[in-house]
Amino acid sequence: MNPLSTIAEISKHEGETVTIRGWLYNLRESGKLLFPIFRDGSGTIQGVVPKNAVAPEVFEAVKGLTQESSVIVEGKVRADKRAPSGYELDVANVQVLQRVPDNDPFPISLKEHGVDFLMEHRHLWVRTPRQAAILRVRAEIIRAVRNFFDDRGFTLTDPPILTPAACEGTSTLFPVDYFDEQAYLTQSGQLYIEATALALGKVYSFGPTFRAEKSKTRRHLTEFWMVEPEVAYAELDDLMDLAEALISSVVQRCLGNRRADLETIGRDVSHLEKIAAPFPRITYDEAVGRLQEGHARGALENKFEWGGDLGSPDETYLSAQFDKPVMVHRYPAKVKAFYMEPDPQRPDLALCVDVLAPEGYGEIVGGSQRMASYDLLLQRIREHNLPEEAFKWYLDLRKYGSVPHGGFGMGVERVVAWVCGLEHVRETIPFARTLHRLYP
RNA sequence: UCCUCAGUAGCUCAAUGGCAGAGCAUCCGGCUGUUAACCGGAGGGUUGUAGGUUCGAGUCCUACCUGAGGAGCCA
């Protein structure tokens, strides 16, 4: 029996006959010479089948074989300068497990397709080299995030996905029937990990979140993954240090381990090679100044007034001024969530930070120091007309040993889109859920 | 919710108001180094839906449906 090999590790078997289990990616025929390209999930390799060098039944099995038919291939690994990967397979035997029917071929040909067609066939689209590479980068990013926190003494604490009420009272939530009671899918685990942070010190959550907003942009999904660290005794500067270290670590891991995949995707990695701490930090006040200057120069359509939240064009303009992620901190409290700690120097400001990715990818991190005072928090809950009863447990955290603490959320899909240089976040997750996409 | 754009062969797209086409895919044939292989041939259409203008509508008008991009909101 031949040794089994993945295509990614084929170079270790040069000169040997190996077995590969996979699918036919493409077939080029030239009379009595066939060039099947096989894929196995780890990569692709071209096979060579000359009619006068193989058994007749092997030649016939490959001749006219349809794209994506499943095959077990035996062949001898040979280095070849003409091959993109440097290796070819001299095919000795092919077993066809299932032949894709001639009259119902694999829908995703090697030619161009439209977005809607590809999303309708997402279950098959993920087989293409580019999509597989993106999913490997996503997995690398997730692994890098978990290692980052695990190595720093953080404890993973999973918040509930079914929740009784809105966390922030702003976003639209997906309602769920919970034994005749109204429940919602979580839009953030933050409030819950504040509780576990005060129990365990440094915690993080990593899971799906849901927003029922009717957003139709390249940056939005209705179901997306978020990583949220929360740290007891952390103040705003500590959070910015943490976010900066996390993002740098993630990017460096991708450059170190997934460079070939980034190349397959067509990413210009020179942008990523600049990503290292420290990142520029500017106050909201300074950002407003830059935006007003941009408007004066005609680079921005609308004049930005102090007090408003940054719009998408504003974020794009600001981030274009830096080649690293830029951290904008201390927004006006009234445009931010009710639970953020006021700046003691300027109580109209919140101790919060948004991290804007370069190249127009927008906000990838949003976080804040949390309000520590019981009385002020209760006052804010009432000002926002939030159901006081639902926040009783959250207020308890300020009653029993309140401390300064804070954290942030990082949107995994937006980070993947930025690292891979993608046009749209729908390619960053195996099965994207958007306003008009629930199938497959 | 608002603004803009699009919908023609399985896919990607053409077609000045005047015979509905090409490339790819599929099928048939050819080719011993192809790189989204190439060459020759064949089949393949309710032009998103409904109405209107016109001698004549894929094309112009109205409504609707579906989708995409953007705004708002957010990660």
Side-chain angles (χ1 to χ4, degrees), chain A residues 25-37 44-54 59 64 66-67 80-85 88 90 100-121 125 128-130 167-168 170-173 187-190 208-228 243 301-302 308-316 335-337 354-357 361-367 408-418 423-426 428-429 434-437:
Chain A
Y25 173 67
N26 192 22
L27 176 65
R28 287 186 280 265
E29 301 187 47
S30 180
K32 297 181 177 62
L33 185 60
L34 310 177
F35 298 100
I37 300 178
T44 60
I45 187 167
Q46 175 165 283
V48 185
V49 187
K51 188 170 189 177
N52 63 9
V54 299
F59 187 85
T66 43
Q67 191 189 352
D80 193 308
K81 284 197 289 287
R82 292 168 290 193
S85 68
E88 286 190 343
D90 287 324
V100 173
D102 288 325
N103 59 1
D104 192 5
F106 189 71
I108 317 253
S109 68
L110 270 52
K111 287 280 181 178
E112 264 186 303
H113 296 284
V115 167
D116 195 54
F117 178 82
L118 290 169
M119 287 304 288
E120 194 72 11
H121 297 84
W125 188 22
T128 61
R130 177 184 162 86
C167 288
E168 306 182 14
T170 52
S171 301
T172 317
L173 302 169
Q187 54 154 353
S188 166
Q190 182 208 312
T209 50
F210 307 87
R211 305 269 167 100
E213 281 153 359
K214 296 193 173 176
S215 299
K216 280 187 61 169
T217 81
R218 67 185 68 194
R219 300 179 306 280
H220 288 89
L221 300 171
T222 54
E223 175 183 322
F224 64 98
W225 287 66
M226 191 153 66
V227 55
E228 297 178 278
E301 198 177 329
N302 298 316
D309 205 354
L310 267 54
S312 183
D314 304 319
E315 291 183 356
T316 302
V335 301
K336 287 293 179 179
D354 283 356
V355 181
L356 311 180
Y361 280 92
E363 185 181 345
I364 51 172
V365 163
F408 58 82
M410 183 170 85
V412 172
E413 285 75 19
R414 286 190 184 174
V415 173
V416 177
W418 166 50
E423 281 295 306
H424 201 297
V425 290
R426 67 185 153 221
T428 65
I429 186 167
T434 63
L435 187 51
H436 298 295
R437 175 62 57 191

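Each chain gets a letter, A, B and so on, in the order the sequences are listed, and its residues count up from 1.
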Calculate the interatomic distance between A:Lys214 atom NZ and B:rC2 atom C1'; express it in whole Å.
-> 13 Å
For residues A:Leu310 and A:Asp354, determine if any side-chain heavy atom of one lies less than 4.5 Å from a side-chain heavy atom of the other.
-> no
Using only heavy-atom distances, decide whether a donor-acceptor pair under 3.5 angstrom links the side-chain of A:Ser215 to the base of B:rG72.
-> yes
Distance check: side-chain N/O of A:Arg426 vs OP1/OP2 of B:rG69, anything under 4.0 Å?
-> yes
Check whether the side chain of A:His220 and the base of B:rC74 form a donor-acceptor pair under 3.5 Å.
-> yes
Looking at every strand, decide which applies to A:Glu112 at a 4.0 Å heavy-atom threshold: base, sugar-phosphate, or nothing.
-> base
Verify the contact: side-chain N or O of A:His121 to OP1 or OP2 of B:rC11, cut-off strictly under 4.0 Å; return yes or no.
-> no
Filtered N/O pairs between nucleotides 43-49 of chain B and protein, under 3.5 Å:
none

Atom CD of A:Glu213 and atom C1' of B:rA71: how far apart are they, to the nearest Å?
-> 13 Å
Bracket notation of RNA chain B in which parentheses pair within the strand, [ ] cross earlier pairs, and | pairs with another strand (Watson-Crick or G-U, under 3.5 Å) = (((((((..((((....[..)))).(((((.......))))).....(((((..]....))))))))))))....
When you check every protein heavy atom under 4.0 Å of nucleotides 25-33 of chain B, what one-letter string (B, S, -) results, 5' to 3'?
-> SSS---BBB
Is any side-chain heavy atom of A:Arg426 less than 4.5 Å from a side-chain heavy atom of A:Val115?
-> yes
How would you label the contact of A:Pro107 with the nucleic acid (heavy atoms, under 4.0 Å): base, sugar-phosphate, or nothing?
-> nothing
When all nucleic acid strands are considered with a 4.0 Å heavy-atom cut-off, which category describes A:Gly311: base, sugar-phosphate, or nothing?
-> sugar-phosphate
From B:rU34, B:rU12, B:rG67, pick the nucleotide closest to the side chain of A:Asp116?
-> B:rG67
Distance between P atoms of B:rU16 and B:rG21 (Å, rounded) = 14 Å
Expressed in angstrom and rounded to an integer, what is the separation of A:Leu435 atom CG from B:rC73 atom C1'?
-> 13 Å
On RNA chain B, nearest-nucleotide positions of A:Leu27 versus A:Gly409: which is more 5'?
-> A:Leu27
For A:Asp314 and for A:Gly114, locate the closest nucleotide of RNA chain B by heavy-atom distance; then report the residue assigned to the nucleotide nearer the 5' terminus.
-> A:Gly114
Nearest-neighbour nucleotide for the A:Arg211 side chain, B:rA75, B:rG70, B:rC11 considered | B:rA75
OP1, OP2 of B:rG67 versus side-chain N and O of A:His436: anything below 4.0 Å?
-> yes
Contact class for A:Asp354 vs. all strands (heavy atom < 4.0 Å): base, sugar-phosphate, or nothing?
-> nothing
Base, sugar-phosphate, or nothing for A:Leu34, non-hydrogen atoms under 4.0 angstrom?
-> nothing
side-chain N/O A:Arg218 vs B:rC74 OP1/OP2, d < 4.0 Å = no
